[in-house]
Amino acid sequence: MFIYNLDLPEIEKTLITWGEPSYRALQIWQGLYQNFHNSASQFSNLPKSLREKMTLELGFSGMEPVRFLDSSDGQTRKTLFKLHDDHLVETVLMRYNKRRTLCISTQVGCAMGCVFCATGQMGFKRNLTSGEIVAQVMYYARLLQAEGQAVTNIVVMGMGEPFHNYDNTMAASDRFNNSEGFNFGARRFTISTVGLVPMIKRFSNEKRQVNLAISLHAADDDLRLSMMPVNKRYNIDELLDACREYVEKTGRRITFEWALINGVNDTPEQARKLGMRLKGLLCHVNAIPLNPTKGYEGKSTTHERAIKFKEILEKAGVPCTIRIRRGIDIQAGCGQLAGRSF
Ligand code: SAH
Ligand code: SF4
């Protein structure tokens, strides 16, 4: 059993079946989530016999870092992990001033097929387990700890659609949040979804402190459908209704993501339509120039067009930031992760 798949009570149960005292569970938990051990031999506070049993029964090796790439400015690192069944996923660390933000994956590939996204272009292979989601963070936590630093933010914006793997994503979120372990504040955790309406509703009802971002990318159904097949299932009206409900139920601001594509969705017309649709909603638009991918012809917006887009939105009362692109030279930008060997 991959050790990161277990919650504290499950570790306790396992120990009891081994005839070990249950207080050892917390020692293991803290070893994993406070000291970031990644082999049984590092648990020096446990008896040797227990460490040997852990080595035999609780695997640490379900997620092997096989390669990493650093961007030319040294601020972004992408790590390729090999899973037990040889599938590959990628996780990105972005350093920005004092921030150390991790962009983590929840699936191998993605079933949602957004045309501009490299993960979508590769199709869906399988869900990650909660442990495989957690292990990405612990890997980087260990790496940063060695530099006297720590993970400050986590965004679920890597490979896959988190709301298509809801239970495992939330289990991972809860494990990060556990106050006896990693104790990572939910407010520093952001989940981005393509817009699976029933899951947004479920998420709203659970009233988590986690931030929510919605990949919108178009302000009318025809355009959105041409970019994102999911719009056939849940159109923009349904999606925005679910978003309004989220804001009402949680009192939290919602973020809309918008990959600016030249002449497609960076036009004044799209900005005006978006402004009208979002007016009065507690929200924020995160616009990012499109990152290039092999399977999509569209081009990135220009600086001037992006600024114009932002101005129109803000005139309509909708706050908008234009994010800088990160890690493009190592294919680590939004939508560029494809779990390929590099
Ligand atoms: N599946 C989730 C999270 C992963 S994608 C989602 O779609 O929201 C993270 C963000 O990157 C999403 O907003 C997605 O639409 C965006 N994205 C995908 N491909 C992109 C590209 N080529 N350039 C810029 N952003 C892209
Ligand atoms: Fe999947 Fe998100 Fe990429 Fe769309 S943008 S294909 S939902 S990972």
Side-chain angles (χ1 to χ4, degrees), residues 78 89-92 94 101-128 133 136 153-166 168-169 172-173 189-197 199-200 203 210-218 223-234 239 242-243 254-262 264-266 283-301 306 309 321-328 331-339:
K78 172 168 94 163
V89 291
E90 296 174 323
T91 310
V92 180
M94 290 161 285
T101 302
L102 288 186
C103 176
I104 64 173
S105 295
T106 52
Q107 296 180 319
V108 184
C110 183
M112 298 299 136
C114 306
V115 296
F116 46 81
C117 169
T119 313
Q121 290 157 16
M122 71 182 273
F124 176 70
K125 310 286 188 227
R126 74 163 170 89
N127 279 333
L128 296 188
I133 300 171
Q136 299 168 55
N153 299 77
I154 300 173
V155 296
V156 187
M157 296 188 186
M159 295 169 65
E161 166 49 41
F163 278 5
H164 188 215
N165 186 13
Y166 191 89
N168 292 343
T169 301
S173 160
F189 189 83
T190 302
I191 296 183
S192 169
T193 176
V194 72
L196 301 180
V197 167
M199 293 299 144
I200 296 173
F203 185 75
V210 167
N211 303 303
L212 184 63
I214 307 283
S215 296
L216 192 56
H217 303 304
L223 180 59
R224 193 163 189 268
L225 188 58
S226 72
M227 299 157 68
M228 305 174 72
V230 70
N231 203 73
K232 198 168 179 170
R233 231 10 224 285
Y234 310 109
L239 175 57
C243 293
I254 198 163
T255 299
F256 292 100
E257 294 163 285
W258 196 280
L260 288 161
I261 309 169
N262 204 314
V264 176
N265 66 355
D266 69 344
C283 72
H284 180 264
V285 172
N286 245 337
I288 179 166
L290 180 82
N291 293 319
T293 58
K294 269 211 184 98
Y296 182 61
E297 300 275 279
K299 297 274 173 286
S300 174
T301 190
F309 186 88
T321 43
I322 299 173
R323 282 197 292 162
I324 33 166
R325 299 198 283 182
R326 302 288 308 266
I328 305 308
Q331 302 274 303
C334 298
Q336 291 188 309
L337 304 182

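Ligands are counted one by one from 1 in listed order, and the atoms in each one are counted from 1 as well. Computed from heavy atoms alone, side chains included, the values below leave out hydrogens, waters and symmetry copies.
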### Summary
Hits for side chain to side chain contact (heavy atoms under 4.5 Å, CB included) against R233, two or more places apart or cross-chain, chain-then-number order -> none
### Task
Output, in order, the C-alpha distance, side-chain angles, deciding distance and verdict of side-chain contact (heavy atoms from CB on, under 4.5 Å) for V156 and F189.
CA-CA 8 Å; V156 187; F189 189 83; 3.6 Å; yes
### Proximal atoms of ligand 1 relative to C117 (non-hydrogen, under 4.0 Å)
18 (C), 19 (N)
### Message
Heavy atom to atom 1 (N) of ligand 1, shortest distance: which of A259, C110, G160 holds it?
### Response
G160
### Task
Determine yes or no for a side-chain-to-main-chain donor-acceptor pair under 3.5 angstrom, with H284 supplying the side chain and T255 the backbone.
no
### Message
Could you check whether any side-chain N or O of K125 sits under 3.5 Å from a backbone N or O of G123, counting only pairs where one atom can act as donor and the other as acceptor?
### Response
no
### Message
Set out, in order, the CA-CA distance, both residues' side-chain angles and the distance that settles side-chain contact (heavy atoms from CB on, under 4.5 Å) for V92 and L102, then state yes or no.
### Response
CA-CA 6 Å; V92 180; L102 288 186; over 6 Å; no
### Query
If you measure from each heavy atom of M112 to ligand 1, is any distance below 4.0 Å?
no
### Polar side-chain atom of N265 near backbone of H217 as donor-acceptor pair, under 3.5 Å
yes
### Query
Could a heavy atom of G158 be found less than 4.0 Å from some atom of ligand 1?
yes
### Message
For atom 23 (N) of ligand 1, what is the closest protein heavy atom, and at what distance to 0.1 Å?
### Response
N291 N, 2.9 Å
## Note on the structure
Judged by heavy atoms only, the candidate from H217, H164, E257, M159 nearest atom 15 (O) of ligand 1 is H217
### Message
Using modelled atom types and a 3.5 Å cut-off, is there a donor and acceptor pairing between side-chain atoms of N168 and backbone atoms of L128?
### Response
yes
### Query
Could you go step by step and tell me if L196 and Y234 meet the side-chain contact (heavy atoms from CB on, under 4.5 Å) rule?
CA-CA 7 Å; L196 301 180; Y234 310 109; 4.1 Å; yes
### Task
Please lay out, stage by stage, how V155 and T101 fare under the test side-chain contact (heavy atoms from CB on, under 4.5 Å).
CA-CA 7 Å; V155 296; T101 302; 4.2 Å; yes
### Query
Do E161 and ligand 1 have an N or O pair less than 3.5 Å apart?
yes
### Query
Got a donor-acceptor contact below 3.5 angstrom from the W258 side chain to the P289 backbone?
no
### Query
To the nearest 0.1 Å, how far is atom 5 (S) of ligand 1 from its closest protein heavy atom, and which atom is that?
M157 O, 3.9 Å
### Message
Below a 4.0 angstrom heavy-atom separation, can you tell me which part of T193, side chain or backbone, both or neither, approaches ligand 1?
### Response
backbone
### Message
Closer than 4.0 Å to some heavy atom of V194 - which atoms of ligand 1 meet that?
### Response
6 (C), 8 (O)
### Message
Looking at C334, is its backbone amide N or carbonyl O close enough to the side chain of N291 to form a donor-acceptor pair, meaning the two atoms are under 3.5 Å apart?
### Response
yes
### T169 (side chain) donor-acceptor with N165 (main chain) under 3.5 angstrom
yes
### Query
Can you tell me which residue and heavy atom of the protein come closest to atom 13 (O) of ligand 1, and the distance to 0.1 Å?
S215 OG, 2.7 Å
### Summary
P229 meets the side chain to side chain contact (heavy atoms under 4.5 Å, CB included) criterion, sequence neighbours left out, with none
### Task
Using a 4.0 Å heavy-atom cut-off, say whether Q336 meets ligand 1 through its side chain, its backbone, both or neither.
neither
### Message
For ligand 1 and P162, I'd like to know whether there is a polar contact (N/O to N/O, distance under 3.5 Å).
### Response
no
### Query
Does P289 reach ligand 1 with a nitrogen or oxygen that is under 3.5 Å from one of the ligand's nitrogen or oxygen atoms?
no
### Message
Please output the residues near ligand 2 using a strict heavy-atom distance under 4.0 Å, listed in chain and residue-number order.
### Response
C110, M112, G113, C114, C117, G120, G160, E161, V194
### Task
For the pair R224 (side chain) and L216 (backbone), establish whether a donor and an acceptor sit closer than 3.5 Å, ignoring hydrogens and angles.
yes
Without placing hydrogens or testing angles, list every side-chain donor-acceptor pair under 3.5 Å for residues 103-122, not counting sequence neighbours.
from : atom 1 : to   : atom 2 : distance (Å)
S105 : OG     : E90  : O      : 2.7
S105 : OG     : M159 : N      : 2.9
Q107 : OE1    : E161 : N      : 2.9
Q107 : NE2    : N127 : OD1    : 2.8
Q107 : NE2    : H164 : ND1    : 3.1
T119 : OG1    : L337 : O      : 2.6
Q121 : OE1    : G295 : N      : 3.1
Q121 : NE2    : V115 : O      : 2.9
Q121 : NE2    : T293 : OG1    : 3.0

### Contacting atoms of ligand 1, where contact means under 4.0 angstrom from a heavy atom of L290
21 (C), 22 (N), 23 (N)
### Query
Heavy-atom contacts under 4.0 Å between S192 and ligand 1: side chain, backbone, both, or neither?
both
## Note on the structure
If you scan protein heavy atoms around atom 19 (N) of ligand 1, the nearest is G335 CA, 3.1 Å
### Message
For atom 11 (O) of ligand 1, what's the nearest protein heavy-atom neighbour? Residue, atom name and distance, please.
### Response
C334 CB, 3.4 Å
